[in-house]
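What follows is a set of notes on a single structure, which appears directly below.
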Amino acid sequence: QVQLQESGGGSVQSGGSLRLSCVASGFTDMKYCMVWFRQAPGKEREGVAGFDGYGHTNYADSVKGRFTVSRDKAKNTLYLQMNNLKSEDTAMYYCAADRFYTSCGAWGVDKLTEYATTFEYWGQGTQVTVSS
């Protein structure tokens, strides 16, 4: 049984930083694809950053240079460090995982977005609100 729990969201002014965490339980190993998605009200869900079973990462163009995704195997935790936040980053952020997409770090972000609905496991989300 795999369970994901996000935390670290909150309200911050433009230019500020937040670090999101996704604690995973029930994993037999850390070869899963794990991805941060986000969805703003009235917007479609989009891939933000992915970390695959081989340690490869990918990012949406809109967050490159500002966000960093990492994974701590010892703590079974996926992180998203978000710096220089902008109002356009306001959204509900979700952690998702899939045991079969072991090479998803090699995907383009468009593919992450396209395949979002097929990911096996999802957390409940954590809200990020950025004010100007």
(message) I need the S21 OG to L4 CG distance, nearest 0.5 Å.
(response) 12.5 Å

(request) Start with the C-alpha gap between F67 and V48, add the side-chain angles, then the distance that decides, and say whether side-chain contact (heavy atoms from CB on, under 4.5 Å) holds. (result) CA-CA 9 Å; F67 291 11; V48 178; 3.7 Å; yes

(request) Would you check if the side chain of R99 reaches a backbone N or O of K31 as a donor-acceptor pair within less than 3.5 Å? (result) no

(message) Applying side chain to side chain donor-acceptor pair (under 3.5 Å), can you list everything that pairs with R45, at least two apart in sequence or on another chain?
(response) none

(request) Any chance you could lay out the side-chain contact (heavy atoms from CB on, under 4.5 Å) test for D61 and V109, step after step, and finish with the verdict? (result) CA-CA 8 Å; D61 287 343; V109 69; 5.7 Å; no

(request) Of all the heavy-atom pairs spanning R71 and Y32, show the shortest one and how long it is. (result) NH1-O, 3.0 Å

(request) Report the residue from L80, L18, T90 that forms a side-chain contact (heavy atoms from CB on, under 4.5 Å) with V128. (result) L18

(request) Measure the spacing between CG of D52 and SG of C33 and express it to the nearest 0.5 Å. (result) 6.5 Å

(message) Ignoring hydrogens, what is the shortest heavy-atom contact between S103 and Y54? Give both atom names and the distance.
(response) OG-CE1, 3.5 Å

(request) Enter the distance from N83:CG to Q81:CD here, rounded to the nearest 0.5 Å. (result) 4.5 Å

(request) For D98, enumerate each residue passing the side chain to side chain contact (heavy atoms under 4.5 Å, CB included) test, keeping only those at least two apart in sequence or located in another chain. (result) F100, Y101, F119, E120

(request) Going by the side-chain contact (heavy atoms from CB on, under 4.5 Å) test, name the single residue among Y79, W122, W36 that passes it with C95. (result) W36

(message) My understanding is that only residues two or more places apart in sequence, or in another chain, count here; which of them pass side chain to side chain contact (heavy atoms under 4.5 Å, CB included) with S14?
(response) V130

(message) Taking G9's backbone N and O only, do any of them form a donor-acceptor pair with T126's side chain (distance below 3.5 Å, no angle check)?
(response) yes

(message) Whether the side chain of R66 engages the backbone of N84 through a donor-acceptor N/O pair (distance < 3.5 Å, no angle test) should be reported.
(response) yes

(message) Does this structure show an ion pair linking K86 with D89, if we count only N-O contacts that are shorter than 4.0 Å?
(response) no

(request) Indicate if M82 and F37 have the same hydrophobic cluster label, given that clusters are the connected sets of ILVMFWY residues with side-chain heavy-atom separations under 4.5 angstrom. (result) no

(request) Scan residues 5-20 for pairs that pass salt bridge (charged side-chain N to carboxylate O under 4.0 Å, His left out), counting only residues two or more places apart or in two chains. (result) none

(request) Answer yes if the side chains of Y93 and R38 hold a donor-acceptor pair under 3.5 Å, and no otherwise. (result) yes

(request) Could you grab the distance from atom OG of S87 to atom CD of Q13, nearest 0.5 Å is fine? (result) 12.5 Å

(message) Are the side chains of Y59 and T68 in contact, using a 4.5 Å heavy-atom criterion?
(response) yes

(message) With no hydrogens and no angle check, just 3.5 Å: does a side-chain donor-acceptor pair link D72 and T77?
(response) no

(message) Using side-chain contact (heavy atoms from CB on, under 4.5 Å), reason through L112 and N58 one step at a time and then give a plain yes or no.
(response) CA-CA 9 Å; L112 290 176; N58 48 20; 3.3 Å; yes

(message) Can you confirm whether more than 12 heavy atoms, excluding those of Y121, are under 6.0 Å from its OH atom?
(response) yes

(message) Checking A106 now: which residues fulfil side chain to side chain contact (heavy atoms under 4.5 Å, CB included) with it, not counting sequence neighbours?
(response) none

(request) Could you tell me which non-hydrogen atom of M34 sits nearest to which non-hydrogen atom of C104, and how far apart they are? (result) N-SG, 4.4 Å

(request) Sequence neighbours left out, what passes side chain to side chain contact (heavy atoms under 4.5 Å, CB included) with Q3? Give chain and number order. (result) Q1, S25

(request) Answer yes or no: is there a donor N or O on one side and an acceptor on the other, between the side chain of T113 and the main chain of G47, under 3.5 Å? (result) yes

(message) Tell me whether V63 shares a hydrophobic cluster with L78, the cluster being built from Ile, Leu, Val, Met, Phe, Trp, Tyr side chains joined at under 4.5 Å.
(response) yes

(request) State the CD-CD distance between E46 and E114, to the nearest 0.5 angstrom. (result) 15.0 Å

